[in-house]
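Reckoned from all heavy atoms, side chains included, excluding hydrogens, waters and symmetry mates.
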Amino acid sequence: MEILSSLNPKQLEAVKQTEGPLLVLAGAGSGKTRVITVRVAYLIAEKGIAPYNILAVTFTNKAAAEMRERINELLKGQKLPSAPLISTFHSLCVRILRQDIVELGEGYTQSFTIYDTDDSLKVIKASLKDSGLDPKMFPPRQILYAISNSKNKGEDYEMFASKVDYNDEKRAAFARVYKLYVERLRNANALDFDDLMIKTVSLLRKSPEVREKYNDRYKYILIDEYQDTNPLQFALVKYLTEKQQNICVVGDDAQSIYGFRQADIRNILDFEDHFPKAKTVLLEQNYRSTQTILDVADAVIANNIGRKEKKLWTDNPAGQNITYYQAFDGDQEAKFTASKIYDHQRMNSKEKIAILYRTNAQSRVFEEALRKMRIGYNIVGGFSFYERAEVRDIIAYLKLTLNPFDDIALLRVINKPARGLGKKTLDELALRSKNLGVTLWETIATITDEKYEGQLALTPRAKKSLLLFKGILEGLQKLLGDSSKSEKPVSDLVIAAIENTGYSLMLKSENSEEAETRLGNLEELVNAAVDYDQQEKNGLRDFIDHAALSSDTDKYDRNAPVTLMTVHSAKGLEFPVVFLVGLEDGIFPHARSINDPKELEEERRLAYVAITRAEKTLYVTHSTRRRVYGEEMAAEPSQFLNEMPLDLIEDVSRGNSWLSFAKSAGARENRYTAKALRGENKKAKARSTYSGETYNTPDAINAFFNKKKGEASGKPRKDSPAPKEKSGFEKLKEFAAKEKPSQAEPPAGKFLPGAHVRHAKYGKGLVLRREGSGDNTKLTVSFPGFGQKKLIEKFAKLENA
DNA sequence: AAGTAAATTTTTTTT
DNA sequence: AAATTTACTT
């Protein structure tokens, strides 16, 4: 078979081992996707498996689309009776639930609505209001996060509540809100993202018939990025493979970066225990990157303790050293990046370039710099098309048409455009709905009924408006009802939701530039619907599901010359040239992960993912000052920079940089280290993991940075004399030395923004803001786990940490 | 009721 | 710095 000729022996083994459980441990760039796609093609073309018996599951739509494309490529020219299902976990669940959710017996119907995070947050807020709890004391985001965590562990509300400590007021409040939240979703016939997984798993657990049905349907199952599966996803996999066991999972424990979503690395590490007859294939040859890039990645990941040893190797040439740049501030960093990109494009306009950062918020400056230099770019993440307010409004109308019990959608559009239904009317409506125990939609139907005439606190105007709204929605429903019979295009319904509701009239009469843009966006939505009508024909519901599950990461366009995105969204992709920016303590690794060794290891895996995206050229940059919440703060180089072999890094910074200093201070030792990394010198390798003495003393670095700061700003920062700030490396060293507490009591008045401090009650924290002077000096300090606290410096008894 | 100004909060990462 | 929420006019 022709398609097999492109594979190496290991890859071939993974493709041909079609029966029974198979674990493919695939290092970065080892042709993981190739194995999956060829395997699917092989099953169809060689083994004669019907395509609809094959299921491949990914985490993102982007990965699914890519896979679909490549499989089609492999099978082009062949007429297939059906297509294999290439789906994300979530859309697979939607597919199953849309068919069989009634079997679950929880009262949900096939018309269930999907709530996104924003919708969920609104439900939390409403539930807080219902229970009379103060959102200031119990932040809705935190509650939502807690609920999601609990759900992803496979818990339900009762389990969460039963684990709450009697004295823990906060958790107790969370539990109360949790309960209301679940009830509200249930009443609205709505499922949140996590519910999609949960309800599917419960359904399979509950009904042997349904289980059997899907076991028979999907005879061959493949799971991509298996290291990122959480307990729920594992349960789903278990149920789906109960009968046939033809399961192939592919992943790399070194690239597990979704612990925050309860992904459990043990799923991949213990695969052989979960599926006793499993075979394992290791893919260790890297086809993507130069030896140098692999060495850098290896040196960083070697600092993780909890990891499976894997020896990634490549036939590729050593390639050029990676490039390092230290910028004065974020703007300079962006400017440097843009001008380097300009140079690259002049030399080779075909090479695709990526700028990778830790958080979406970092994208701004880079966008500006690129725009200034007229460099075309594509940005992944941030705002997705479906997240724009006007698009969401129209979607809300459509969701409401499909499921009028969706209170969140109803509240979103009941007064858009303005129909004179303000706070007062809505409060009345909410109250009635609560008393009657029915949804808002049903409440409207009830209280606008003739027989309640006179006994309601509703002005005739409000009543008229409610009737108007009701009429509009019924109009849409009627249109939809007709369409299910006559196959009316989705685009017609979208247009109706824009026109018949008065929405477009509202925008047109606004006569502003902004309104024009919005109308343009709605036009795009209509176009999307037209496209949809041409490609698929599964009706409005499927179109809306699509919108709900399509996320910002789906905007990746492989043809864009320059792509900006987070490291998370870059997973699975590769680029000839990569800029890894913002390598600073507190950003990458992120401040919220720095105190927990486990989370720090995940950050390091993330850094590993970032580095291994690069094929030939890798730039690593950081800046000495960084804006956080609009305030300039001192920034220190990331510890991950410290973990890279210094002699593989070329410094192109202007003037003295952290790197030039580090190199000269520890030149001899570091050459030793880097050489050892390539070879087998175990003793030297151990030194490359941070043991405290790699090349420097903290005081020297401190002196260096204080000097830098002075030079840079022309004068010392805000309050002089200069503070006794400790460097990130010093913190690191302390960490390595098992957190030896610092004894030096600093003189009062020395805590500047950016300083790391220790508080008797809250532990380690980061000073964010400093106000006032003398005895009245107030500090805003961020304590992980406790949030931001305002402290009077004089009484806070802070220590340097 | 609706629009505007002021105050307050926000950033991890994603389906 | 930007976005969201609240307070204040009209």
Which pairs, protein N/O on one side and nucleotides 3-7 of chain C N/O on the other, fall under 3.5 Å?
from	atom 1	to	atom 2	distance (Å)
dT5(C)	OP1	K125(A)	NZ	3.0

Would you say [N] has OP1 or OP2 under 4.0 Å from some side-chain N or O of [X]?
X	N	answer
R141(A)	dT10(B)	no
T566(A)	dT14(B)	yes
N360(A)	dT14(B)	yes
N415(A)	dA2(B)	yes
S593(A)	dT12(B)	no

Smallest separation among heavy atoms of [X] and [Y], with atom names:
X	Y	answer
N149(A)	F260(A)	OD1-O, 3.9 Å
T612(A)	A297(A)	CG2-CB, 3.6 Å
L232(A)	K151(A)	CD1-O, 3.2 Å

Counting heavy atoms from C-beta on, name the nucleotide in dT15(B), dT12(B), dT14(B) closest to the side chain of E599(A).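 Closest nucleotide to the E599(A) side chain: dT12(B).
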Between dT14(B), dT12(B), dT15(B), which nucleotide gets closest to the side-chain atoms of H90(A)?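 My answer, after comparing the listed nucleotides, is dT15(B).
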Should the pair R605(A) and Y608(A) be classed as cation-pi, given the thresholds of under 6.0 Å to the six-membered ring centre and 45° from the axis? no
Describe the nucleic acid contact of [X] in one word from base, sugar-phosphate, nothing, applying a heavy-atom distance below 4.0 Å.
X	result
T117(A)	base
F89(A)	nothing
R605(A)	nothing
D116(A)	nothing
A361(A)	base

The answer to which of G420(A) and L606(A) contacts DNA chain B further toward the 5' end, by nearest nucleotide, is G420(A)
[X] [atom1] to [N] [atom2]: how many Å, rounded?
X	N	atom1	atom2	result
Y145(A)	dT12(B)	OH	C1'	9 Å
L236(A)	dT15(B)	CG	C1'	14 Å
E584(A)	dT12(B)	CD	C1'	15 Å
D228(A)	dT13(B)	CG	C1'	11 Å
Q362(A)	dA2(C)	CD	P	16 Å
Q142(A)	dT9(B)	CD	P	14 Å
L356(A)	dT13(B)	CG	C1'	13 Å
D427(A)	dA1(B)	CG	C1'	13 Å

Using side-chain heavy atoms (C-beta onward) and a distance below 4.5 Å, is F112(A) in contact with N403(A)? no
If you measure from the ring centre of F260(A) to the centre of the six-membered ring in the base of dT13(B), is it under 5.5 Å, with the planes under 30° apart?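 So F260(A) counts as stacking on the base.
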Just by distance, with hydrogens left out, do E584(A) and S638(A) show a side-chain donor and acceptor under 3.5 Å apart?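 There is no such pair (donor and acceptor under 3.5 Å, judged by atom type) between the side chains of E584(A) and S638(A).
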Applying salt bridge (charged side-chain N to carboxylate O under 4.0 Å, His left out), can you list everything that pairs with R419(A), at least two apart in sequence or on another chain? none
Suppose we screen for salt bridge (charged side-chain N to carboxylate O under 4.0 Å, His left out). Which residues come up paired with D545(A), at least two apart in sequence or across chains?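 Salt bridge (charged side-chain N to carboxylate O under 4.0 Å, His left out) check on D545(A) returns R98(A).
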Is R592(A) side chain donor-acceptor paired with the dT12(B) base, going by distance under 3.5 Å alone?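 Side chain to base: no pair below 3.5 Å.
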With hydrogens left out and only the distance checked, is there a donor-acceptor pair under 3.5 Å joining R358(A)'s side chain and the base of dT13(B)?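 Per atom types, the contact qualifies.
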Rounded to whole angstrom, note down the P distance from dT6(C) over to dT11(B).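 About 15 Å, rounded to a whole number of Å.
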Answer yes when R625(A) and E636(A) have at least one side-chain N-carboxylate O distance shorter than 4.0 Å, and no when they do not. no
